[in-house]
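Everything on this sheet refers to the single structure shown next.
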Amino acid sequence: MAGERHRIITIANQKGGVGKTTTAINLATALAAIGERVLIVDLDPQGNASTGLGIDRRDRKLSSYDLMVGERGISEVTLETAVPNLFIVPSTMDLLGIEMEISQQSDRVFKLRKALSTPEAMGFSYILLDCPPSFNLLTMNAMAAAHSVLVPLQCEFFALEGLSQLLETVSQVRRTVNPRLDIQGIVLTMFDARNNLAQQVVNDVRTHLGEKVYHTLIPRNVRVSEAPSYGKPAILYDLKCAGSQAYLQLASEVIQRERQRLAA
């Protein structure tokens, strides 16, 4: 796919521990499993997406840092994963210095957009940008480069408060650097059906944001939590577990929304 069917989706939430990287890995795997050509760009210095896809730190000779500073192109920094059709630009701790490196440059917000505007990048159906859990220059670059933002939201008491901050950030980015940016959707994660508060959060978020919220709920699931320590997406580690099945449903919803967008 290319052209308007080539989509760059930022997976962002300034709060940590909401299932952001888990969502990036498993959504990408589910999309790749149905034949889409998918690239994850790991923009978190911790490199959890890279580790969760089995990329050894010793194999990360080049990384998203090299891409951001403009020293290497997509084809040079991209690695294959164990999942057919799924590729990754890994992360290293070098990213910790990126702010200092580019902050004085006039195009500092557009470094990633430029790097992803090449024919090589256009060859991917989906590019998922896994952001750090903060709003910094890396996240700003991701939002400036993306068509849309997918927000993983944990089913907990302060969820809506954090979400309103993020939605304001998206509006600000749209006004200033990327008019095309929209909300791809909000995915509710770590849902525990036995917890009354979790159900209340789901109801509140759906009331406030309606169709922006995916129908799929990602449950709390031990197998999903275990998978990264084996360097595998949950969908490869245990396809039949509830978490894996939920991510397959989420991928189906994402594709359905993209079809509706193209038909509009």
Side-chain angles (χ1 to χ4, degrees), residues 6-18 20-21 24 39-51 55 57-79 87-124 127-152 162-184:
H6 158 82
R7 294 292 280 172
I8 303 173
I9 301 173
T10 290
I11 299 180
N13 191 325
Q14 68 269 46
K15 191 174 184 306
V18 298
K20 186 170 48 60
T21 297
L39 175 68
I40 292 180
V41 180
D42 190 349
L43 293 171
D44 189 341
Q46 295 178 75
N48 291 339
S50 307
T51 303
I55 307 298
R57 291 192 181 275
R58 290 168 295 187
D59 295 330
R60 302 178 205 176
K61 304 285 191 292
L62 296 170
S63 70
S64 51
Y65 171 85
D66 301 283
L67 191 67
M68 291 279 294
V69 296
E71 291 181 358
R72 303 286 179 154
I74 277 282
S75 57
E76 296 172 280
V77 297
T78 298
L79 299 176
F87 302 81
I88 187 166
V89 176
S91 161
T92 60
M93 296 298 277
D94 289 344
L95 276 179
L96 288 170
I98 196 77
E99 203 127 346
M100 195 177 298
E101 188 97 11
I102 67 174
S103 62
Q104 301 304 312
Q105 299 176 22
S106 60
D107 64 343
R108 59 188 173 278
V109 174
F110 301 107
K111 295 288 187 183
L112 191 58
R113 181 191 288 186
K114 182 180 177 184
L116 297 180
S117 299
T118 63
E120 292 85 359
M122 292 284 184
F124 293 98
I127 298 179
L128 304 185
L129 309 177
D130 186 34
C131 295
S134 59
F135 187 68
N136 57 17
L137 197 48
L138 286 165
T139 308
M140 190 71 169
N141 262 270
M143 288 192 180
H147 297 103
S148 60
V149 181
L150 188 151
V151 185
L163 180 61
S164 62
Q165 293 172 354
L166 184 64
L167 295 179
E168 177 51 40
T169 298
V170 172
S171 295
Q172 188 180 345
V173 171
R174 191 186 294 126
R175 287 193 304 269
T176 54
V177 298
N178 186 2
R180 72 183 178 181
L181 188 68
D182 65 13
I183 301 290
Q184 165 76 29

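Everything quoted here is computed from the prediction, not taken from an experiment.
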Distance, nearest 0.5 Å, that separates [atom1] of [X] from [atom2] of [Y]:
X	Y	atom1	atom2	answer
L79	L62	CG	CG	8.5 Å
L150	N13	CG	CG	10.5 Å
I127	M122	CD1	CE	8.0 Å
H147	H6	NE2	NE2	5.5 Å
L112	I8	CG	CD1	7.5 Å
I183	S148	CD1	OG	8.5 Å

Considering all heavy atoms, the nearest [X]-[Y] contact:
X	Y	result
T169	F135	CG2-CE1, 3.1 Å
D44	P133	OD2-CD, 3.6 Å
I88	D42	CD1-CB, 4.5 Å
E120	S75	CG-CB, 4.2 Å
I74	A121	CG1-CB, 4.2 Å
L128	A24	CD1-O, 3.7 Å

Charged N to carboxylate O under 4.0 angstrom, E168 versus R175?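 Between R175 and E168 there is a salt bridge, with a charged N closer than 4.0 Å to a carboxylate O.
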Determine whether [X] and [Y] make a side-chain contact, defined as any pair of heavy atoms from C-beta on separated by less than 4.5 Å.
X	Y	result
C131	N136	no
M143	N178	no
E76	D66	no
N141	L138	no
L129	L116	yes
T51	R60	yes
V177	M140	yes
S64	V77	no

Step by step, work out the side chain to side chain contact (heavy atoms under 4.5 Å, CB included) result for Q105 and K111. CA-CA 10 Å; Q105 299 176 22; K111 295 288 187 183; 2.4 Å; yes
Output yes when a side-chain donor or acceptor of [X] lies under 3.5 Å from a complementary backbone atom of [Y], and no otherwise.
X	Y	answer
K20	G17	no
R108	I102	no
S50	S91	yes

What residue among T10, D182, V151, L181 forms side-chain contact (heavy atoms from CB on, under 4.5 Å) with V170?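 Single pass found, and it is L181.
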Which residues pass the salt bridge (Lys or Arg N to Asp or Glu O under 4.0 Å) test with R180, not counting sequence neighbours?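 R180 satisfies salt bridge (Lys or Arg N to Asp or Glu O under 4.0 Å) with no residue once adjacent residues are dropped.
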